Trainee: 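This is the structure, below, for whatever I ask next.
In this text the structure is predicted, and so the values were computed from the model without any measurement. Computed over heavy atoms, backbone and side chain alike; hydrogens, waters and symmetry mates excluded. Indexing begins at 1, ligand by ligand and atom by atom, following the structure's order.
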Amino acid sequence: MQFRDLGLNKPIVRAVLEQGYEAPTLVQEQTIPLVLEQKDVIVSAQTGTGKTAAFALPILQQLFDKQDAPKKGKKIKALIVTPTRELAIQIEENFKKYSKYSNLRTGIVYGGVSFEPQKDMLRKGIDILVATPGRLLDLHKQDAVYLDFVETFVLDEADLMLDMGFIDDISKIEHLCPEEKQQLLFSATMPAKVVELAKTVLQNPVKVEVAPTSSTVKTVQQLLYYVPKPKKIELCLHVLRNTIKGSVIIFRRTKYGVDKLEKSLAKNGYSVDSIHGDKTQNLRQEALQKFKNGDVSILIATDVAARGIDIKNVDAVINFDLPNVSETYVHRIGRTGRAGENGVAYSFCSADEKNYVQAIQKLIQKDIEVVEEHPYPLDPKAKPEVHRKKGSKYKKGRKSEASKKKKRRWY
Ligand code: AMP
């Protein structure tokens with residue numbers, strides 16, 4: 001199948017071919033015709049499958065013929081809501097590339113940066129808006145954005161959106177758009193709560209399922225290292241020195257863990273940067289750019305900050321901490337071995353994480369290859385380590401009032 005067989009016009013096909021895409025991916029082949037038929041569609045596909053173009057291309061095609069002249073004042077006709085700033089930026093970049101040979105304009109709004117340039121852009125007029133939920137609602141409160149002409153509403157990464165507590169925001173945004181509109185929902189996983197959301201938002205949706213979460217990318221070699229928790233840093237250095245060649249993303253569960261590992265690796269002479277939810281948008285973008293350019297070869301990230309980020313040619317992923325949600329493992333290792341390239345995923349498992357391995361193996365329906373020969377093996381009988389600072393004034397099982405009160409964001 002070719003792009004031109006999907007009902008896309010020449011300027012769009014030309015822009016796509018210029019990206020080096022030879023043929024549509026599976027999710028594009030299945031989704032594009034449905035969107036062009038004006039159907040509501042619910043798509044289960046991970047990032048890396050080409051899902052952004054699966055909604056961007058038919059949206060552009062639909063808008064192509066009814067472009068407003070720039071001087072007449074453009075109105076937002078397609079709205080894409082996505083949970084993180086990085087994803088929003090990536091989606092906008094894609095729209096811009098694919099609409100290169102048109103007058104269609106794409107804009108973006110996300111939090112953590114000043115309002116004025118975004119208001120300015122909205123005043124000038126755009127056809128397509130990519131937004132994170134909070135900032136979009138803030139702008140609406142300030143009468144800076146009108147969604148009354150939206151014809152297509154895309155909910156991207158719906159599962160992550162729900163995990164991040166955006167359910168009320170999504171509902172508000174949906175109600176700000178006209179009742180009659182086409183709605184598309186994309187989600188990497190399809191837990192019951194996403195299915196429930198789809199029922200309330202979409203009308204008789206057609207389902208497209210491309211890569212179920214349990215199918216780990218075939219080109220990724222998966223390796224498992226059992227290691228005592230305090231030895232993980234040494235094991236990481238060992239693997240970086242002896243095994244990995246090229247770029248690597250290291251995943252940690254917490255922001256604190258990311259910062260700590262970044263310091264250790266930098267002290268050992270590695271060029272490294274990191275992204276997590278406490279960093280400003282500019283710092284996150286800078287880190288991402290440095291990694292993409294090859295200025296640093298190691299990027300350390302929490303899951304939420306890294307979710308869906310499209311970074312090509314990652315040679316390896318290290319799961320420094322194993323994720324407690326099995327689907328997250330599949331997302332993480334999906335960062336490597338993209339587009340037919342080979343990649344390796346290294347997972348470090350300490351005594352307290354053994355249950356996670358079982359759950360992951362059940363999900364991916366295969367056993368991960370265990371690397372026995374390494375300098376920091378875990379005693380098979382080892383019990384989970386409990387870390388408490390010497391002289392800690394808090395007794396086991398008792399939390400300080402301060403720590404009880406403090407609500408921690410962990411991503
Ligand atoms: P996505 O799943 O949308 O994050 O896309 C993952 C990567 O695949 C991005 O770098 C896209 O530029 C790329 N891509 C999208 N469609 C195609 C295609 N048909 N052929 C080759 N690469 C593609």
Trainee: Enumerate the atoms of ligand 1 whose separation from the nearest heavy atom of Gly50 is less than 4.0 angstrom.
Mentor: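 It comes down to these atoms of ligand 1: 1 (P), 2 (O), 3 (O), 5 (O), 15 (C).
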Trainee: Could you tell me if the ring centre of Phe55 sits under 6.0 Å from that of Phe186?
Mentor: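 Centroid separation for Phe55 and Phe186: below 6.0 Å.
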Trainee: Going by distance only, is there an N or O of Glu22 that falls short of 3.5 Å from an N or O of ligand 1?
Mentor: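 Such a contact does not occur with ligand 1.
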Trainee: Out of Thr25, Leu57, Val27, Thr52, who gets a non-hydrogen atom closest to atom 3 (O) of ligand 1?
Mentor: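 Result: the heavy atom closest to atom 3 (O) of ligand 1 is in Thr52.
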Trainee: Based purely on interatomic distance, does Gln90 place a nitrogen or oxygen under 3.5 Å from a nitrogen or oxygen of ligand 1?
Mentor: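 Looking only at distances, the answer is no, because the N/O contact criterion of under 3.5 Å is not met.
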Trainee: With only distance considered, is Tyr21 within less than 3.5 Å of ligand 1 through an N or O on each side?
Mentor: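 Yes; at least one N/O pair falls below 3.5 Å.
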Trainee: Which atom pairs, donor and acceptor, lie under 3.5 Å between side-chain atoms of residues 143-155 and protein residues at least two apart or in another chain?
Mentor:
unit_1 : atom_1 : unit_2 : atom_2 : d
Tyr146 : OH     : Asp143 : O      : 3.4
Glu151 : OE1    : Lys66  : NZ     : 3.0

Trainee: Output the list of atoms in ligand 1 that are nearer than 4.0 Å to some heavy atom of Thr49, sorted by atom number.
Mentor: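 Counting atoms of ligand 1 from 1, those under 4.0 Å from Thr49 are 2 (O).
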Trainee: What part of Phe186 sits under 4.0 Å from ligand 1 if we count only heavy atoms: the side chain, the backbone, both or neither?
Mentor: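 None of Phe186 does.
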Trainee: Return the set of residues passing side chain to side chain donor-acceptor pair (under 3.5 Å) with Arg332 (not counting sequence neighbours), or none when no residue passes.
Mentor: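 Listed in chain order: Asp303, Asn319.
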Trainee: Does Ala23 come within less than 4.0 Å of ligand 1, judged by its heavy atoms?
Mentor: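 The answer is yes, since Ala23 has a heavy atom less than 4.0 Å from ligand 1.
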Trainee: Establish, for the pair Arg135 and Tyr110, whether the NZ or CZ atom is under 6.0 angstrom from the six-membered ring centre and no further than 45 degrees off its axis.
Mentor: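 No, cation not above the ring by the 6.0 Å, 45° rule.
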Trainee: Measure across Thr132 and Arg85 and return the closest heavy-atom pair with its distance rounded to 0.1 Å.
Mentor: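 Scanning both residues completely, I find the closest heavy atoms to be CG2-N, 3.8 Å.
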Trainee: Which pair of heavy atoms, one from Thr31 and one from Val27, lies closest together, and at what distance?
Mentor: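 Taking Thr31 first and Val27 second, the nearest heavy atoms are OG1-O, 2.6 Å.
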Trainee: Can you tell which part of Gln19 has a heavy atom less than 4.0 Å from ligand 1: side chain, backbone, both or neither?
Mentor: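 Within the 4.0 Å criterion, Gln19 makes no contact with ligand 1.
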Trainee: If we check salt bridge (Lys or Arg N to Asp or Glu O under 4.0 Å) with Asp127, which of these qualifies: Lys96, Arg105, Lys77?
Mentor: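 The residue from Lys96, Arg105, Lys77 that satisfies salt bridge (Lys or Arg N to Asp or Glu O under 4.0 Å) with Asp127 turns out to be Lys77.
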